[in-house]
Amino acid sequence: AVADNGDGTLSVTLSNNGNVHQILYDCELTLQDADGNTVTLTGSDALPGISGANILAGTSWTKSIPMPQGLAAGSEYRASISYNFDIQNQ
């Protein structure tokens with residue numbers, strides 16, 4: 001889930017509904033606002049506290065990230081996340 005905090009940041013809530021932990025290597029978060037504007041964020045500057053995070057099985061947590069340029073503030077947002085889970089390549 002993604003929500004505008006009204007202070008220049010977005011709250012991003014991630015959930016791990018599985019039964020093993022997931023480490024978000026090479027994390028990429030794609031966001032789209034209600035107007036159809038889309039941005040893709042990567043790296044620890046754009047995704048502080050998310051890129052490289054270890055999400056334990058059965059948990060959810062929320063992190064705030066800077067509002068990306070190109071998205072309408074106060075909008076509803078759609079999000080998708082991808083990451084590399086092959087630690088052999090890290």
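Model, not experiment: these values are computed from the prediction.
- Considering only residues two or more places apart in sequence or on other chains, Ala73 meets the side chain to side chain contact (heavy atoms under 4.5 Å, CB included) condition with Asp4, Met67.
- When hydrophobic clusters are built by joining Ile, Leu, Val, Met, Phe, Trp and Tyr residues whose side-chain heavy atoms come closer than 4.5 Å, directly or via intermediates, Leu56 is not grouped with Tyr25.
- Not a single side-chain hydrogen bond (donor to acceptor under 3.5 Å, both in side chains) links Glu76 to another residue, sequence neighbours left out.
- Within the 4.5 Å cutoff, no side-chain heavy atoms of Cys27 are placed close to those of Ser82.
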Output a table of donor-acceptor pairs, distance under 3.5 Å, between side-chain atoms of residues 33-45 and any protein atom two or more places apart or on a different chain; print 'none' if there are none.
residue, atom, partner, partner atom, Å
Asp33, OD1, Asp35, N, 3.0
Asp33, OD1, Gly36, N, 3.1
Asp33, OD1, Asn37, N, 2.9
Asp33, OD1, Asn37, ND2, 3.4
Asp33, OD2, Asn37, ND2, 3.0
Asp33, OD2, Ala72, N, 2.8
Thr38, OG1, Gly36, O, 3.4
Thr40, OG1, Thr30, OG1, 3.2

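- Listed by chain and number, the residues in a side-chain hydrogen bond (donor to acceptor under 3.5 Å, both in side chains) with Ser64 are Asn5 (sequence neighbours excluded).
- Looking at Val12 and Ile50, their side chains come closer than 4.5 Å, going by heavy atoms from C-beta outward.
- Under the side-chain hydrogen bond (donor to acceptor under 3.5 Å, both in side chains) criterion, Tyr83 pairs with Gln22, sequence neighbours left out.
- Atom CG in Leu14 sits 4.5 Å away from atom CH2 in Trp61 (nearest 0.5 Å).
- Atom-to-atom distance recorded for Thr59:OG1 and His21:NE2 is 11.5 Å, nearest 0.5 angstrom.
- Under the side chain to side chain contact (heavy atoms under 4.5 Å, CB included) criterion, Asn19 pairs with no residue at all, not counting sequence neighbours.
- Counting heavy atoms from C-beta outward, Ile65 and Thr9 have side chains that stay 4.5 Å or more apart.
- Remark: Ser80 OG to Glu28 CD distance equals 8.0 Å, nearest 0.5 Å.
- Evaluation of the side chain to side chain contact (heavy atoms under 4.5 Å, CB included) rule for Asn17 yields Ser15 as partners, not counting sequence neighbours.
- In this structure, the side chains of Ile55 and Ile23 stay at 4.5 Å or more apart for every pair of heavy atoms.
- The side chain to side chain contact (heavy atoms under 4.5 Å, CB included) check on Ala79 picks up Val2, Leu29, Leu31, with sequence neighbours excluded.
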